[in-house]
Amino acid sequence: MKLSLSLISFLAVAGVGAFAPYRATPSHLAPTSSSSSTSLNQFGKLGFDASNLYYTPEEEQAIQTQNKISAYLIELRSKRENKNTVLRSNLGKTVLISGFEPTDPSASEVLDFLNDEDSPHFGFSKIVVIAPDLKVAKKRLIGRNARYTGLLDKLDFIEGESSSSIPTVEQLADVSSWISHVGGGDNMMSQLASIADVAEKAVGVKNVAILISGANGVGVDAIKEAEDMLKSKATTFAYTLLIVPEWNNEPEALCAYGIANASDLDSAPFKEGETFSREESLRILTECLAIDQAAGKCVVANAAKETNSLENMLIQSMREIGFKRIEEVEHMVTVGAKGYTGMIAERESGSAWEMAPEPSDEEKAGWAKTKEEQDEINRQKQLEIRKQNDLKKMATEWAQREYLRKQLKFHVNLSEEEFIEVIWDRAMFEADLKYRTMQGQAVNESEERKKFKEAQERKKLEAYKKEQERWKKLQMEDLEPAEEKKPINFSRF
Ligand SMILES: *[C@@H]1O[C@H](CO)[C@@H](O)[C@H](O)[C@H]1NC(C)=O
Ligand SMILES: *[C@@H]1O[C@H](CO)[C@@H](O)[C@H](O)[C@H]1NC(C)=O
Ligand SMILES: *[C@@H]1O[C@H](CO)[C@@H](O)[C@H](O)[C@H]1NC(C)=O
Ligand SMILES: *[C@@H]1O[C@H](CO)[C@@H](O)[C@H](O)[C@H]1NC(C)=O
């Protein structure tokens, strides 16, 4: 059956699926048919060679495929019964994380995802971390943001022999959800078995999401064995197993990725030296914990760097259409490239897959509007992220310079890191002033400095009592650097 042509050409005209990495050609020049005679005879007419404004046949092919994929995704979405991702109803209030080394960035990243205000699907009021050295763990995981993001109120710690210790059934008494990280080394299988055994015995535990990283050396048989083991042991809880190669430091949502069912593998999924974004793997893992359809899934994820790969195109299209991250993860885990290929095959054999009726003009206008709005939102988000990064960088530089100056003058008995933490609000204020000045925005410096100072005074007073209470509750005296007990005399700075 034919894919709705009017839908495809509409998408092409609306720029959906316009292929970013290619030449900066205005989208209205993008050909909507697969004709390869695109360079036309423009040379004489325009007085310059316009042929490089057009696409090569390979590029055109890619655009065609990309547009087809966008059409497929929009159609799938419009036919879905549940417009939003169905979430698990039994995530509960307490999540435990195990297997994360507090000194590794993964530990704070997984906490950030679980405590993200943009992820209202996580209603956890308590996040329990298992760690061998509570002092180190607290110091590492309670950053200067913890007070403002509310993480401080949620965090709780329990001591284990190592960060990969499996909690006891007693320690899991109040836990409803569990996120665990396991290395892909020799004791991978025994770790998995212990997790499954103790989760099975802990009656409150309803959901377990397990991430195996560094699985480059893990063969297909071991992966299938792991899946079978979970399947046979888990009767009182829902599991998701995600397997990835060695981690790298790329931020999430930068690279496209592919996901395959463990049961569909016929050879080892990763090559030696292959890596995958740590942050992305944690995003996929945490979203899977919430996604109802991800229950009982054992999947492998890997980067899809080839721009022409199906996985890459699926992800590009989803991001352009405006899928939320949780929707993207849901689609990749439950349908993926396999689902798309299957649909194409079904269409070619002429069976099943009813076409959606031709979209009405209103629907088309609606899509264009949604896409435009989503583009604008994404653009604003990107700008805001960039601005915040710039500000943080400027503030850090300001604080480092200030530290050097104070150090020369007063021999401040604080490490640079501690100094920056103490002076951070001021540093951000200075950075913001500078940023706006550089942008040519109106800045009334003396007035703003006065206001800032007043606000800081008020904040200090308000925060003082509250902080004392909270810090006591968390036995923060372990954590508090000695010099903070003696208040720092800010008027010296
Ligand atoms: C996993 O397998 C199911 C059943 O064959 C299939 O529908 C789905 O698309 C597969 N998922 C992925 C990510 O390949
Ligand atoms: C600076 O701090 C260290 C340990 O934090 C302490 O041993 C030392 O006496 C302090 N020096 C001064 C001058 O306060
Ligand atoms: C800055 O604000 C103060 C107080 O509002 C005002 O007196 C002063 O004129 C302002 N300066 C400029 C340059 O606008
Ligand atoms: C803080 O430092 C200022 C200036 O050095 C000084 O006048 C003031 O008495 C100090 N305050 C305290 C509480 O030590």
Side-chain angles (χ1 to χ4, degrees), residues 3 65 68-77 79-82 85-88 209-213 215 218 220-231 234 238-245 252-253 255-270 274 276-277 280-306 308-319 321 323-349 351-354:
L3 185 66
T65 312
K68 238 181 177 169
I69 290 176
S70 292
Y72 153 80
L73 288 167
I74 290 179
E75 206 178 305
L76 262 194
R77 198 185 218 195
K79 285 207 274 184
R80 262 178 81 135
E81 226 168 88
N82 295 297
T85 299
V86 179
L87 303 171
R88 303 191 201 181
I210 308 170
L211 173 66
I212 298 177
S213 74
V218 178
V220 63
D221 292 341
I223 290 175
K224 291 189 175 168
E225 192 186 325
E227 169 159 35
D228 290 344
M229 193 258 293
L230 284 176
K231 225 181 235 166
Y239 61 85
T240 304
L241 177 66
L242 171 68
I243 307 172
V244 301
E252 64 159 330
C255 186
Y257 56 90
I259 288 191
N261 294 316
S263 52
D264 287 336
L265 297 175
D266 46 24
S267 59
F270 313 118
E274 234 170 6
F276 187 61
S277 158
E280 190 75 314
S281 67
L282 294 171
R283 166 67 79 180
I284 298 172
L285 182 77
T286 48
E287 299 295 21
C288 279
L289 178 71
I291 297 168
D292 191 49
Q293 291 274 314
K297 288 270 173 191
C298 286
V299 292
V300 300
N302 206 354
K305 295 197 178 74
E306 286 293 324
N308 284 353
S309 70
L310 198 47
E311 285 86 357
N312 195 305
M313 288 191 175
L314 275 168
I315 298 244
Q316 295 308 332
S317 283
M318 280 190 268
R319 291 181 185 164
I321 294 169
F323 276 54
K324 294 192 208 104
R325 292 242 64 202
I326 190 170
E327 295 170 327
E328 176 191 303
V329 170
E330 182 188 29
H331 186 82
M332 288 312 279
V333 168
T334 58
V335 185
K338 182 181 170 193
Y340 179 75
T341 316
M343 181 279 296
I344 294 283
E346 264 182 20
R347 260 180 204 189
E348 274 167 7
S349 73
S351 66
W353 192 266
E354 250 178 78

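We use all heavy atoms of the structure for the numbers below, so side chains are in, but hydrogens, waters and symmetry mates are not. When a ligand or atom number is given, it counts from 1 through the structure's own listing order. Throughout, numbering of the chain's residues begins at 1 and tracks the sequence.
For ligand 1, the atoms closer than 4.0 angstrom to any heavy atom of Val333 are 11 (N), 13 (C). The atoms of ligand 1 that sit less than 4.0 Å from any heavy atom of Val335 are 8 (C), 9 (O), 11 (N), 12 (C), 13 (C), 14 (O). For ligand 1 and Asn261, the ligand atoms under 4.0 Å from any heavy atom of the residue are 1 (C), 2 (O), 3 (C), 8 (C), 10 (C), 11 (N), 12 (C), 14 (O).
Counting non-hydrogen atoms of other residues, nucleotides and ligands closer than 6.0 Å to NZ of Lys231 gives a total of 12 or fewer.
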Contacts table for residues 335-342: side-chain donor-acceptor under 3.5 angstrom, sequence neighbours left out:
from   : atom 1 : to     : atom 2 : distance (Å)
Lys338 : NZ     : Asp264 : OD1    : 3.3
Lys338 : NZ     : Asp264 : OD2    : 2.8
Thr341 : OG1    : Ala337 : O      : 2.8

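Here the shortest heavy-atom distance to atom 13 (C) of ligand 1, taken over Met343, Lys338, Met332, belongs to Met332.
Cation-pi check for Arg77 over Phe323 is met; the charged atom lies under 6.0 angstrom from the ring centroid and within 45 degrees of its normal.
Here CD of Glu311 is found 12.0 Å from CD of Gln316. Values are rounded to the nearest 0.5 Å.
Ligand 1 lies less than 4.0 angstrom from a heavy atom belonging to Thr334.
Annotation: side chain of Ile291 is not in contact with side chain of Val333 (no heavy-atom distance under 4.5 Å).
Of the heavy atoms in Val299, none comes closer than 4.0 Å to ligand 1.
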